[in-house]
J.: 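Before I ask anything, let me first share the structure, which is written out below as structure tokens.
What you see is a predicted model; the values in this text were computed from it and never measured.
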Amino acid sequence: MSFFENTRKPVGLSGKIMVAMMNLGHSPVARWGLHFLELTLDARVLDCGCGGGANIRRLLKKCPQGIVKGIDYSPVSVEKSKKVNEAAIAEGRCAVLQGSVADMMLADNWFDAVTAFETVYFWPDLPQCFREVYRVLKPGATFLICNESNGDTDKDEKWTELIGGMTIYRDVELKAAMQEAGFMNIQIHKNPKDWLCVIGRKQEK
């Protein structure tokens, strides 16, 4: 397995190096995407594909009286996320779970927001994953996707060739998949660096 395959599912020592690199390398795009997410101080948030846990830490700062959970199918990522957020875990404000976004052992209608930073590229069944996200969100709650690659540039093909199982989605594809899952009021944000943020809301009851 090449080193870059660890972006999809970090394993072993090279995986540990990769999650540390992602915590640093993905910081600019994550901070940009978080500007579009409005949270109450006591919000409940789920970060899907939480990687090295840096975005869990950012979300905990955005909702200092809330709860942030993370889920990732890589044991290496879960271990790193727990270490990065050990203080919040000890306080009962954070939990990191190992599992698939396609089948989350989480309660219905519980979260105020779900985030996905640099991760939907690797989700095995996008419609099923989006249905699961929809299920765990409260009515009216927010789903935010933030990607550094938007499918519109030549450099995207380089990454899909390097990393097996990676699919880079265009904004219209993500919007259509979110609508199919039931999301509405979908907003698309881009910037000059070709970053992409797509936000949708679960229907109110």
J.: For K62, is the NZ atom crowded, meaning more than 12 foreign heavy atoms sit under 6.0 Å from it?
T.: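 Enclosed.
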J.: In the structure I gave you, are the side-chain heavy atoms of F143 and R201 within less than 4.5 Å of one another anywhere?
T.: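 Not in contact.
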J.: Determine the minimum heavy-atom distance between C146 and V29, stating which atoms define it.
T.: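 Looking at all heavy atoms of both residues, the shortest contact is SG-O, 3.4 Å.
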J.: Report yes if the distance between the aromatic ring centroids of F183 and Y134 is under 6.0 Å, otherwise no.
T.: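 F183 vs Y134: aromatic centres under 6.0 Å.
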J.: At what distance, to the nearest 0.5 angstrom, does OH of Y121 lie from CD1 of I168?
T.: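 So the gap between those two atoms works out to 6.0 Å.
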J.: Below 4.5 Å, heavy atoms only, C-beta onward: do I186 and V198 meet side chain to side chain?
T.: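 Yes, close enough: below the 4.5 Å cut-off.
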J.: Who passes side-chain contact (heavy atoms from CB on, under 4.5 Å) against K138, sequence neighbours left out?
T.: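 K138: side-chain contact (heavy atoms from CB on, under 4.5 Å) contacts with D112, A141.
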J.: With heavy-atom distances below 4.5 Å as the criterion, would you say the side chains of P139 and N109 are in contact?
T.: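 Heavy-atom side-chain distance check passes, below 4.5 Å.
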J.: Specify the closest pair of heavy atoms between K80 and G52, including all atoms of both residues, with the distance to one decimal.
T.: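 So the two residues come closest at CG-O, 3.5 Å.
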J.: Quick one: sort the W123 and F130 rings into parallel, tilted or perpendicular, breaks at 30° and 60°.
T.: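 Perpendicular: the ring planes of W123 and F130 meet at over 60°.
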J.: Give a yes or no answer on whether the side chain of R93 reaches the backbone of V68 with a donor-acceptor pair at less than 3.5 Å.
T.: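 Absent.
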J.: To the nearest 0.5 angstrom, please state how far the CZ atom of R57 sits from the SG atom of C94.
T.: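 Answer rounded to 0.5 Å: 11.5 Å.
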J.: Measure the CD1-NE2 distance between I199 and H189 for me, rounded to the nearest 0.5 Å.
T.: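 Separation between the atoms: 4.0 Å.
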J.: Any side-chain to backbone donor/acceptor pair from D47 onto G70? Under 3.5 Å, distance only.
T.: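 No.
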J.: Could you tell me which residues satisfy side-chain contact (heavy atoms from CB on, under 4.5 Å) with E173, sequence neighbours excluded, listed by chain and number?
T.: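 Applying side-chain contact (heavy atoms from CB on, under 4.5 Å) to E173 gives Y169, R170.
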J.: Taking the side chain as C-beta and beyond, is there a heavy-atom pair between L106 and L97 under 4.5 Å?
T.: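 They are in contact (side-chain heavy atoms under 4.5 Å apart), so the answer is yes.
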J.: Is there side-chain contact between L126 and T167, with heavy atoms separated by less than 4.5 Å?
T.: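 The answer is no; the side chains never approach within 4.5 Å.
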J.: Might you point out which heavy atoms bring C48 and V101 nearest each other, and give the distance in Å?
T.: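 The pair with the smallest heavy-atom distance is CB-CG2, 3.9 Å.
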J.: Do L34 and F117 touch side chain to side chain, with heavy atoms closer than 4.5 Å?
T.: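 Yes, their side chains come closer than 4.5 Å.
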J.: Can you tell if the side chain of V45 reaches within under 4.5 Å of the side chain of L39, non-hydrogen atoms only?
T.: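 Answer yes - side chains close enough.
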J.: Apply salt bridge (Lys or Arg N to Asp or Glu O under 4.0 Å) to the pair E79 and K82, showing each step before the final yes or no.
T.: CA-CA 5 Å; E79 179 186 3; K82 286 181 175 179; over 6 Å; no
J.: What's the shortest heavy-atom distance between I71 and S100, and which atoms?
T.: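 Of all heavy-atom pairs spanning I71 and S100, the closest is CD1-O, 4.0 Å.
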J.: Determine whether a donor-acceptor pair (N or O, by modelled atom type, separation under 3.5 Å) exists between the side chain of R31 and the backbone of R58.
T.: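 No; judged by distance alone, with no hydrogens or angles, the pair does not exist.
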J.: D42 side chain to Q65 main-chain N or O, any donor-acceptor pair under 3.5 Å?
T.: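 Checking the backbone N and O of Q65 against the side chain of D42, no donor-acceptor pair under 3.5 Å is found.
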J.: Return the minimal non-hydrogen interatomic distance between G33 and L144, and the atom names on each side.
T.: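 Shortest heavy-atom separation between G33 and L144 comes out as O-CD1, 3.5 Å.
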J.: CE/M105 to CD/Q98 distance, rounded to the nearest 0.5 angstrom?
T.: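 It is 13.5 Å, given to the nearest 0.5 Å.
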J.: Report yes or no: does S81 contribute a side-chain atom to a donor-acceptor pair with the main-chain N or O of G51 at less than 3.5 Å?
T.: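 Confirmed, S81 side chain pairs with G51 backbone.
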J.: Between E118 (side chain) and E148 (backbone), is there a donor-acceptor pair under 3.5 Å?
T.: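 The answer is yes, because a donor-acceptor pair under 3.5 Å joins these two groups.
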J.: Give a yes or no answer on whether the side chain of N85 reaches the backbone of G53 with a donor-acceptor pair at less than 3.5 Å.
T.: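 Yes: the side chain of N85 pairs with the backbone of G53.
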J.: Can you establish whether the number of heavy atoms outside K83 located under 6.0 Å from its atom NZ is more than 12?
T.: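 Atom NZ in K83 is not crowded, with 12 or fewer foreign heavy atoms closer than 6.0 Å.
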J.: Is I56 reachable from F36 through a run of hydrophobic residues whose side-chain heavy atoms are each under 4.5 Å from the next?
T.: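 They do share one cluster, since a chain of ILVMFWY contacts under 4.5 Å joins F36 to I56.
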J.: Can you tell me how far CG of L196 sits from CH2 of W32, rounded to the nearest 0.5 angstrom?
T.: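 It is 6.5 Å, given to the nearest 0.5 Å.
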J.: Looking at W110, does the NZ or CZ of K69 lie under 6.0 angstrom from its six-membered ring centre and within 45 degrees of the ring axis?
T.: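 Judged by the rule, K69 and W110 form a cation-pi pair.
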J.: Atom CG of N185 and atom CD of Q203: how far apart are they, to the nearest 0.5 Å?
T.: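 One finds 9.0 Å between CG of N185 and CD of Q203.
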J.: What's the shortest heavy-atom distance between P127 and E180, and which atoms?
T.: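 Reported closest heavy-atom pair: CB-OE2, 4.5 Å.
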J.: I'd like to know whether I188 forms a side chain to side chain contact (heavy atoms under 4.5 Å, CB included) with L174, so could you lay out the CA-CA distance, the side-chain angles of the two residues, the decisive distance to 0.1 Å, and finally the verdict.
T.: CA-CA 10 Å; I188 296 169; L174 291 173; over 6 Å; no
